[in-house]
Asks: 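Below is one structure. I have some questions about it.
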Amino acid sequence: MDQLARTLESPSTDGSGRSSPSGISRRVGSPFLSGSRKGKRGWSKLKLAVSTTSVLNDVQAQRQDALAKWDDMKTAAEKRKHLLQAAKQLQTYQRETKEAANWIADKLDTLKQSDNNVTDVKVRLQQHQATVAETEAFRKQVSNLVDQADKAVSEQHPAAHKFQQAAEDVDSAMLELEAAVDERGKLLNINSQQFIDLNKFLDMTSGTLAWCEETTKLIDTLEVADELAAAGALVEQHQETVAEVKARELNVTLAEDFGGNLLSQHHYASEDIAERLATLVAAYRTTHELALTKMAVFRQSLELQQFLKLTAQMDDWLEGKREILEAAELGSSRQEVASLIKKHDIFEKDIAAQGERMRELDAHVKQAKENEHYELHTFTEQQTELQQRREELVGLAHERRAALQDSNAYQKLSRDHDEAMQFVRDRWDVAQDEAFRDPSNLRGKLKQHQAFSVELQGYTAQVEDVQARIAAMLERNHFAKETLRTMATELQGQWEALNTATATKGKRLKEAEVLALFNKGADDLNAWLEDMEQYVAQAELGHD
């Protein structure tokens with residue numbers, strides 16, 4: 001039937017793709033509207049089609065009615081489910097509120113009962129404190145129940161008024177219980193305040209007295225350390241003890257204030273309170289003074305160990321650096337000397353940095369004097385010894401610096417001397433050649449020689465500088481004085497020989513030029529004489 005209904009609801013299409021109202025309409029309308037078929041057979045088919053259409057319409061109406069009833073049934077089921085859940089929620093809430101009301105009623109009955117069998121006020125207060133704690137904890141549950149009722153009202157629960165009524169009942173009962181608990185607490189406090197105050201005072205002083213006794217014994221057992229790490233650890237540990245002692249001062253002050261207040265109120269145990277206060281103050285003062293005294297000793301022990309470690313480091317450093325300074329190596333080349341000087345620069349910077357360490361040592365000694373250190377003589381003796389050794393090291397460093405500077409000056413001088421000697425050797429052949437024997441281009445050769453002489457004159461300053469530096473080193477008693485004398489003699493001799501040869505060559509070139517000019521004049525005169533002789537020897541004397 002559903003398939004039939006879907007067939008009626010869906011459009012039909014003909015072969016051309018155009019839709020028609022339904023397959024039945026197409027089949028019914030085609031033969032009768034065209035007028036092509038007539039007779040009883042055609043009329044029967046028409047009635048059958050009309051009847052079929054009516055049946056299908058009825059089926060469709062029944063289907064729609066069934067679907068509507070199904071939706072109504074589902075709505076009713078959902079509504080019933082909601083009502084059942086609401087009923088369950090209400091039942092659960094009512095059970096919880098009833099349990100809460102029963103608990104409150106039990107507590108009220110307990111508070112109303114007489115506890116004369118408990119004579120100890122402290123026990124009564126402890127019981128009451130437990131009751132207060134239970135009441136405060138249960139108040140949270142009651143507040144939660146009230147919140148649930150408010151939520152049911154806000155969500156329009158079908159039984160919201162029942163939620164609200166139950167919440168009001170249990171909250172009212174809770175307020176009654178809280179009022180009863182407060183009233184009982186006031187009664188207990190009024191009857192037992194002095195007893196409570198006395199116990200409080202005893203509690204305040206007992207712990208502090210026990211702590212003072214224990215801490216004093218502990219501090220007495222501590223001894224100074226003979227090693228840096230142990231001394232530092234001991235200071236840190238005792239710092240914590242001192243901090244704890246200072247923190248305990250507040251407890252003593254509070255106990256003094258509280259005890260004084262009790263005395264001013266003429267407490268029934270005033271004599272015991274006054275005696276206990278005096279004992280507490282004396283015990284704390286003893287512990288405090290002992291802690292501070294030990295702290296000063298431990299700090300001095302730590303300062304001593306730090307000073308000894310610093311002096312040991314300085315001693316090792318001085319010993320190692322002295323071996324370096326006593327080395328005889330001064331370098332055999334400019335590169336080696338430069339490297340040694342650079343190393344010595346670093347070494348001197350290291351010495352300067354160690355000066356800061358010496359000042360640190362001096363500060364330790366100064367502080368030891370100010371604090372009247374129990375090992376003051378150790379500080380002063382170590383300081384004096386290290387100061388003397390450092391001054392000796394500084395003196396050795398200055399001596400080595402001077403030696404390296406002399407070595408560097410010697411290497412530079414040796415280089416300049418070698419350059420000067422090379423200059424002389426390079427020009428020796430030029431000064432020794434006999435170009436004057438060739439009469440060709442004597443003027444050009446003379447000009448070249450004049451330029452050569454100017455070059456020598458320009459280099460004279462350098463040679464004199466080398467000789468002056470050698471003389472200065474010899475005057476300072478340089479460690480290479482023998483080599484310097486040889487260098488000075490060699491350079492002086494070669495330079496003088498070069499200048500002598502140059503002067504000789506210049507003289508000969510000038511003589512050769514004069515000779516060349518003379519020879520040219522003689523040749524010119526001979527040529528003229530020959531021309532004159534030829535002219536005079538001619539036989540023809542002329543015809544006119």
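Along the sequence shown, the residues carry numbers beginning at 1.
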Asks: CD of E271: more than 12 outside heavy atoms within 6.0 angstrom?
Replies: no
Asks: Is the shortest side-chain heavy-atom distance between Q462 and E419 below 4.5 Å?
Replies: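 The answer is no, as the side chains (C-beta and beyond) never meet within the 4.5 Å cut-off.
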Asks: Can you tell me how far NZ of K98 sits from CG of N102, rounded to the nearest 0.5 angstrom?
Replies: 6.5 Å
Asks: Only one of D171, L177, T97 passes side-chain contact (heavy atoms from CB on, under 4.5 Å) with V142; say which it is.
Replies: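 It is D171, the one option of D171, L177, T97 that forms the side-chain contact (heavy atoms from CB on, under 4.5 Å) with V142.
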Asks: How many angstroms lie between CD in Q382 and CG in L310, if you round to the nearest 0.5 Å?
Replies: 10.5 Å
Asks: Just by distance, do the side chain of T293 and the backbone of E289 share a donor-acceptor pair under 3.5 Å?
Replies: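 Answer holds: yes.
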Asks: I'd like to know whether CD of E99 has more than 12 heavy-atom contacts from other residues, nucleotides or ligands below 6.0 angstrom.
Replies: yes
Asks: With a 4.5 Å cut-off on side-chain heavy atoms, are E176 and L108 touching?
Replies: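 L108 reaches E176 side chain to side chain.
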Asks: What I'd like to find out is whether the side chain of L175 reaches to under 4.5 Å of the side chain of E178, using heavy atoms alone.
Replies: yes
Asks: Please report the shortest heavy-atom distance between A255 and L277, naming the atom on each side.
Replies: O-CD2, 3.6 Å
Asks: Would you compute the distance between atom CD of E223 and atom CZ of F298 and round it to the nearest 0.5 angstrom?
Replies: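 Taking CD in E223 and CZ in F298, the distance rounds to 7.5 Å.
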Asks: Rounded to the nearest 0.5 Å, what's the gap from CG on L222 to NE2 on H238? Could you check?
Replies: 7.0 Å
Asks: Is there a side-chain hydrogen bond (donor to acceptor under 3.5 Å, both in side chains) between Q422 and D418 once you walk through the steps?
Replies: CA-CA 6 Å; Q422 186 63 41; D418 292 342; over 6 Å; no
Asks: What is the distance from atom CG of N251 to atom CG of L280, rounded to the nearest 0.5 Å?
Replies: 9.0 Å
Asks: For H377, look at atom NE2 and say whether over 12 heavy atoms of other residues, nucleotides or ligands are found less than 6.0 Å away.
Replies: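 Atom NE2 in H377 is packed in, count exceeds 12.
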Asks: Whether D220 and K294 form a salt bridge (side-chain N of Lys/Arg under 4.0 Å from carboxylate O of Asp/Glu) is what I want to check.
Replies: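 Salt bridge flag = no for D220 with K294.
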Asks: Just by distance, do the side chain of T208 and the backbone of T205 share a donor-acceptor pair under 3.5 Å?
Replies: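 Absent.
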Asks: Side chains of Q165 and E168, heavy atoms from C-beta outward: is any pair under 4.5 Å?
Replies: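 Q165 vs E168: side chains touch.
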Asks: Side chains of E303 and Q367: any donor to acceptor distance under 3.5 Å?
Replies: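 Side-chain D/A pair, Q367 to E303: present.
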Asks: Testing the basics here: between T135 and M174, what is the closest heavy-atom pair and its distance to 0.1 Å?
Replies: O-CE, 3.4 Å
Asks: Quick check against the 3.5 Å criterion: does H373 have a side-chain atom that pairs as donor or acceptor with the backbone of Q300?
Replies: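 Indeed, once roles are kept as given, a pair shorter than 3.5 Å links the two residues.
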Asks: Is there a side-chain contact between R299 and Q239 (heavy atoms, below 4.5 Å)?
Replies: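 In short, these two side chains touch, coming nearer than 4.5 Å.
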Asks: Taking the basic N atoms (NZ, or NE/NH1/NH2) and the acidic carboxylate oxygens, is any pair closer than 4.0 Å for E213 and K217?
Replies: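 Judged by the 4.0 Å cut-off on N to carboxylate O distance, E213 and K217 do form a salt bridge.
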Asks: Search all heavy atoms of I219 against all heavy atoms of T287 and return the closest pair with its distance.
Replies: CD1-O, 4.5 Å
Asks: From Q141 CD over to I104 CD1, what is the distance, rounded to the nearest 0.5 angstrom?
Replies: 9.5 Å
Asks: Side chains of E256 and V281: does their closest heavy-atom pair fall under 4.5 Å?
Replies: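 The answer is yes, as the side chains (C-beta and beyond) meet within the 4.5 Å cut-off.
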Asks: Would you mind checking if K246 and E249 are paired as a salt bridge, meaning a charged N to carboxylate O distance below 4.0 Å?
Replies: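 Between K246 and E249 there is no salt bridge, as every charged N stays at least 4.0 Å from the carboxylate O atoms.
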Asks: Please step through side-chain contact (heavy atoms from CB on, under 4.5 Å) for the pair F379 and L304, ending with a clear verdict.
Replies: CA-CA 8 Å; F379 281 82; L304 175 61; 3.7 Å; yes
Asks: Give the C-alpha distance, both sets of side-chain angles, the deciding distance and a yes or no for salt bridge (Lys or Arg N to Asp or Glu O under 4.0 Å) between D65 and K69.
Replies: CA-CA 6 Å; D65 183 55; K69 290 180 179 180; 3.4 Å; yes
Asks: How about Q91: does its CD atom have over 12 heavy atoms from other parts shown lying under 6.0 Å from it?
Replies: no
Asks: Between L308 and T378, is any pair of side-chain heavy atoms under 4.5 Å apart?
Replies: yes
Asks: Do you know which two heavy atoms are closest between V170 and A101, and how far apart they sit?
Replies: CG2-N, 4.2 Å
Asks: Under the criterion salt bridge (Lys or Arg N to Asp or Glu O under 4.0 Å), I'd like the reasoning laid out for D465 against R469: C-alpha separation, chi angles, the key distance, then a yes or no.
Replies: CA-CA 6 Å; D465 176 68; R469 285 155 61 191; 3.0 Å; yes
Asks: Provide the closest heavy-atom pair for K369 versus T380 in the form atom of the first, atom of the second, distance.
Replies: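 Scanning both residues, the minimum pair turns out to be CE-CG2, 4.1 Å.
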Asks: I would like to know whether R485 and E482 meet side-chain contact (heavy atoms from CB on, under 4.5 Å); could you show each step before the answer?
Replies: CA-CA 5 Å; R485 289 193 185 98; E482 297 300 330; 3.0 Å; yes
Asks: Can a side-chain donor-acceptor contact be found between R248 and T253 if the only test is distance below 3.5 angstrom?
Replies: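 Not at all, the side chains of T253 and R248 share no donor-acceptor pair under 3.5 Å.
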Asks: Can you label the angle between the F138 ring and the W103 ring as parallel, tilted or perpendicular, going by 30° and 60°?
Replies: parallel
Asks: Quick one: does any side-chain atom of Y284 pair with a main-chain N or O of V245 as donor and acceptor, under 3.5 Å?
Replies: yes
Asks: Hey, is D272 close enough to R276 for a salt bridge, meaning N to O under 4.0 Å?
Replies: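 Between R276 and D272 there is no salt bridge, as every charged N stays at least 4.0 Å from the carboxylate O atoms.
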Asks: For V153 and Q164, work out which heavy atoms get closest and say how close.
Replies: CG2-OE1, 4.2 Å
Asks: For atom CD of E475, decide whether the heavy atoms of other residues, nucleotides or ligands shown that lie under 6.0 angstrom number more than 12.
Replies: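 Count not over threshold, so no.
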